[in-house]
Structures are given as C-alpha cells and as structure tokens.
Protein chains: 2
Amino acid sequence: MGAGKAREIFFAYIKDKGLRNTKQREEILDAFLSAGKHITVDDLYNILKKTDQAIGYATVHRNLKLMCECGLADEIKVGSNKTRFEQKYGHEHHDHLICLKCGRFIEVHDDKIERLQEKLSEANDFVAQRHKLEIYGLCKKCR
Amino acid sequence: MGAGKAREIFFAYIKDKGLRNTKQREEILDAFLSAGKHITVDDLYNILKKTDQAIGYATVHRNLKLMCECGLADEIKVGSNKTRFEQKYGHEHHDHLICLKCGRFIEVHDDKIERLQEKLSEANDFVAQRHKLEIYGLCKKCR
DNA sequence: TTTGATGTTGATAATTAATATCAATACCAT
DNA sequence: ATGGTATTGATATTAATTATCAACATCAAA
Ligand SMILES: [Mn+2]
Ligand SMILES: [Mn+2]
Ligand SMILES: [Zn+2]
Ligand SMILES: [Zn+2]
C-alpha cells in the first residue's frame with residue numbers, strides 16, 4: 001500500500017517546518033492511515049486510547065489538522081455533524097452519497113458533472129476553487 | 001409579490017397545528033419575507049431589534065425553525081459558519097456559488113447537472129432525496 | 001366579555017464541537 | 001549531554017444551537 005509514501009510526506013513536512021517527531025504524532029498518523037474513511041476526531045481518539053491510554057484528545061485533533069495542512073488528509077463537514085477526516089494522499093477527488101438511515105458514505109465521481117460545474121462557474125464570471133457535492137438519501141441496504 | 005401567499009401558508013400551518021398567532025411571530029415572519037436571502041438568526045434578530053426592542057433571540061430562532069417546518073424557509077449550512085435561512089416559497093431549487101473573499105452567494109441552476117446527479121445515484125442503488133452543491137471560489141468583483 | 005387551559009416569550013442555562021491556553025515534558029541540533 | 005523550543009494533555013474558552021422555565025398572551029368556550 002501507499003502508506004509508506006504518505007508517512008514520508010508527513011515526516012518531510014514536519015522536518016521542513018521545523019516541527020518535531022513524537023511518539024504520539026507517529027501513532028496518530030499510523031492510526032489515521034489504517035483507519036476507515038470519514039473518521040471523526042472522536043473515532044480516532046477512541047482507537048488510539050486502546051493502545052495508548054495517555055493520549056490526549058487535543059493532540060489527536062491537532063495532528064489531524066496537521067495532516068490536512070500537509071495534504072495527507074481532508075476535512076469534510078456533512079450536515080450539522082462533527083467534522084470528519086478522510087485520506088487524501090493517493091485518493092482522487094470524489095463526491096459523496098450519504099445514507100440518511102445508516103450514515104454510510106458512498107464515494108462517487110462523475111467527470112461530466114465536474115465539467116458542467118466548471119462551465120456553470122464560468123458562465124457566472126466565477127473562478128471555482130473547490131466544491132462540495134453531497135447527495136442525501138437511502139442506500140441499497142436501507143430501503 | 002407572493003408574500004401574501006406565504007403569510008397565508010404560515011398562518012394556516014399555525015392554525016392547523018393548534019399553535020397561536022402572536023405579535024412577535026408576525027413580526028418575524030414579515031421581517032424574514034422582506035429580508036435579503038441567506039440570512040442568519042443574528043441578522044434577522046438585529047433587524048427586528050430596531051422596531052421591537054424587546055424581541056428575544058430565542059424567539060427569532062424558534063420561529064425561523066417553524067418557517068422551515070411549514071415549508072416557507074430552508075436552512076443552509078455553508079462551511080463551518082452559522083446556519084443561514086433562505087426563502088423557499090416561490091423559489092425554485094438552486095445551488096450556490098460562494099465567494100471566498102466577499103461571502104456573496106450566487107444562485108445557480110443547471111438541469112443537466114441535476115439529471116446527472118440522479119443518474120449517479122441510481123447507478124449506485126441509491127435513492128436520492130436531496131442534495132447540496134456548493135462551489136467555492138472568487139466572484140467577478142473579487143478577482 | 002370573562003375565563004382558563006395551554007401555547008409563547010425572553011432570559012438564561014445547557015449542550016456540543018472546535019479551538020486556545022499553559023505548565024510540564026520531550027525532542028533534537030549543536 | 002544539554003538548552004532552546006516544540007509538543008503534550010488537562011482544562012478553559014468560544015461560539016452556535018437548543019433546552020428550560022416562570023411570567024405572560026392567546027383564543028375557544030362559557
Ligand atoms: Mn470520501
Ligand atoms: Mn440561495
Ligand atoms: Zn444506509
Ligand atoms: Zn466576492
């Protein structure tokens with residue numbers, strides 16, 4: 001898997017910024033890279049607690065932010081719920097179908113939609129930088 | 001304008017639910033209907049304060065929620081900012097281009113995109129109920 | 001018109017998530 | 001090895017939303 005490369009990017013970024021490597025930082029990075037997608041700070045905190053009783057919530061939060069900073073992670077906010085983080089390295093841009101019943105996230109991509117969004121922006125003299133497309137409904141299992 | 005019809009819907013809903021008509025409720029309704037779009041509770045509260053010194057924040061909040069309930073208003077959450085409310089009655093579905101510099105909301109609609117979203121959902125055995133498409137970037141004035 | 005059951009209001013408290021603070025500690029360049 | 005400083009973890013703060021509740025207003029019924 002590409003986890004090795006992701007780690008490299010993280011440690012290179014840390015060094016470059018004059019930051020330091022710590023036991024916690026490495027634990028958090030690894031836990032994040034091997035965790036499922038669309039994870040919350042709480043989720044990751046609880047996973048880490050199992051192997052490091054002393055880990056602090058704020059530390060997990062801070063380091064998830066750091067991973068976003070260096071391009072490894074992406075913050076996604078859906079609905080009014082808490083912020084979720086997903087892996088960015090080695091993952092193409094995608095949008096989400098979100099099940100209102102079970103909360104499942106289905107990752108989707110449609111080039112046509114992406115292109116039409118760009119056209120729509122241009123038609124409005126707007127320079128698009130990023131976008132968010134979320135479709136809420138019921139997944140196969142929940143109908 | 002259709003504000004008269006919107007008022008009718010509101011009062012009909014209230015009566016139907018065994019709720020009561022109050023001075024505040026009517027003030028809030030009218031202020032909302034004549035206010036600009038994408039307004040926050042704060043915005044509306046401050047507008048109302050000018051003509052009704054005694055109005056309470058919670059009352060404004062509660063009644064905006066009530067307007068959503070009866071289909072007159074829609075709640076939109078963009079980024080991590082506070083919830084905004086927009087008029088729904090007499091307004092077609094639309095998406096938003098949001099300027100990262102001035103905060104302007106540009107309302108847009110593209111039937112092709114809407115149809116492709118539907119197709120995309122079907123292709124994933126997903127029954128779409130609603131969606132959110134927000135494109136962030138820079139508006140004409142802010143470049 | 002009076003009345004009373006109950007919905008509403010406005011002030012304030014509670015809740016929740018995100019972030020700031022800070023003293024103790026750990027890292028790492030020299 | 002060690003000192004300057006980044007990091008940690010506990011806790012406080014902030015900010016937005018929602019809940020609580022006593023005082024009050026509404027409106028259907030008498
Ligand atoms: Mn995803
Ligand atoms: Mn709008
Ligand atoms: Zn589901
Ligand atoms: Zn702008």
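Excluded from the calculations below are hydrogen atoms, water molecules and symmetry mates; all remaining heavy atoms, backbone and side chain alike, are included. Labels below follow one simple rule: chain letters A, B, ... track the order of the sequence lines, proteins then strands, and each chain is numbered from 1.
If you walk DNA chain D from 5' to 3' and mark each nucleotide with an atom closer than 4.0 Å to a heavy atom of chain B, the marks span D/dA16 to D/dC27. When DNA chain C is scanned in the 5' to 3' direction for atoms under 4.0 Å from non-hydrogen atoms of chain A, the outermost contacting nucleotides are C/dA17 to C/dC28.
Among residues at least two apart or in separate chains, there is no ring-ring contact (aromatic ring centres under 6.0 Å, His included) pair with a member in residues 63-84 of chain A. Applying the ring-ring contact (aromatic ring centres under 6.0 Å, His included) test to every pair with at least one member in residues 116-140 of chain B, sequence neighbours left out, gives these pairs: B/His93-B/His131.
In this structure, A/Ile55 and B/Val41 both approach DNA chain D, and ranking their closest nucleotides by distance from the 5' end singles out A/Ile55. The residue among A/Arg25 and A/Lys49 whose nearest nucleotide of DNA chain D is located toward the 5' end is A/Arg25.
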All N/O donor-acceptor pairs, side-chain side in residues 9-16 of chain A, below 3.5 Å, sequence neighbours left out:
| residue | atom | partner | partner atom | Å |
| --- | --- | --- | --- | --- |
| A/Tyr13 | OH | A/Glu69 | OE1 | 2.6 |

For a quick test of your reading: what N or O donor-acceptor pairs under 3.5 Å do the side chains of residues 54-66 of chain A make, sequence neighbours left out?
| residue | atom | partner | partner atom | Å |
| --- | --- | --- | --- | --- |
| A/Thr59 | OG1 | A/Arg62 | NH2 | 3.1 |
| A/Asn63 | OD1 | A/Arg25 | NE | 2.8 |
| A/Asn63 | ND2 | A/Thr59 | O | 2.9 |
| A/Lys65 | NZ | A/Glu75 | OE1 | 3.0 |
| A/Lys65 | NZ | A/Glu75 | OE2 | 3.4 |

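No engagement by B/Asp42 is indicated, since no non-hydrogen atom pair under 4.0 Å with the nucleic acid exists. Residue contacts for A/Thr59: at a heavy-atom cut-off of 4.0 Å it reaches a base atom on one of the strands shown. Counting any heavy atom pair closer than 4.0 Å across all strands shown, A/Arg62 reaches a base atom.
Contacts of B/Ser34 classified as side chain to side chain donor-acceptor pair (under 3.5 Å), with partners at least two apart in sequence or in another chain: none. For A/Lys82, the side chain to side chain donor-acceptor pair (under 3.5 Å) criterion is met by A/Asp42, not counting sequence neighbours. Applying the side-chain contact (heavy atoms from CB on, under 4.5 Å) rule to A/Asn81 yields no partners; only residues at least two apart in sequence or on another chain are considered. Listed by chain and residue number, A/Arg7 satisfy the side chain to side chain donor-acceptor pair (under 3.5 Å) test with A/Asp30 (two or more places apart in sequence, or in another chain). B/His91 is linked by a ring pair (Phe, Tyr, Trp, His ring centres under 6.0 Å) to nothing, counting only residues two or more places apart in sequence or in another chain.
Using a 4.5 Å heavy-atom threshold, the side chains of A/Arg84 and A/Asp43 count as touching.
Between B/Lys23 and B/Asp52 there is a salt bridge, with a side-chain nitrogen of the basic residue lying less than 4.0 Å from a carboxylate oxygen of the acidic one.
Near DNA chain D, meaning a heavy atom under 4.0 Å from it, residues 10-21 of chain A has A/Gly18, A/Leu19, A/Arg20 in order of number.
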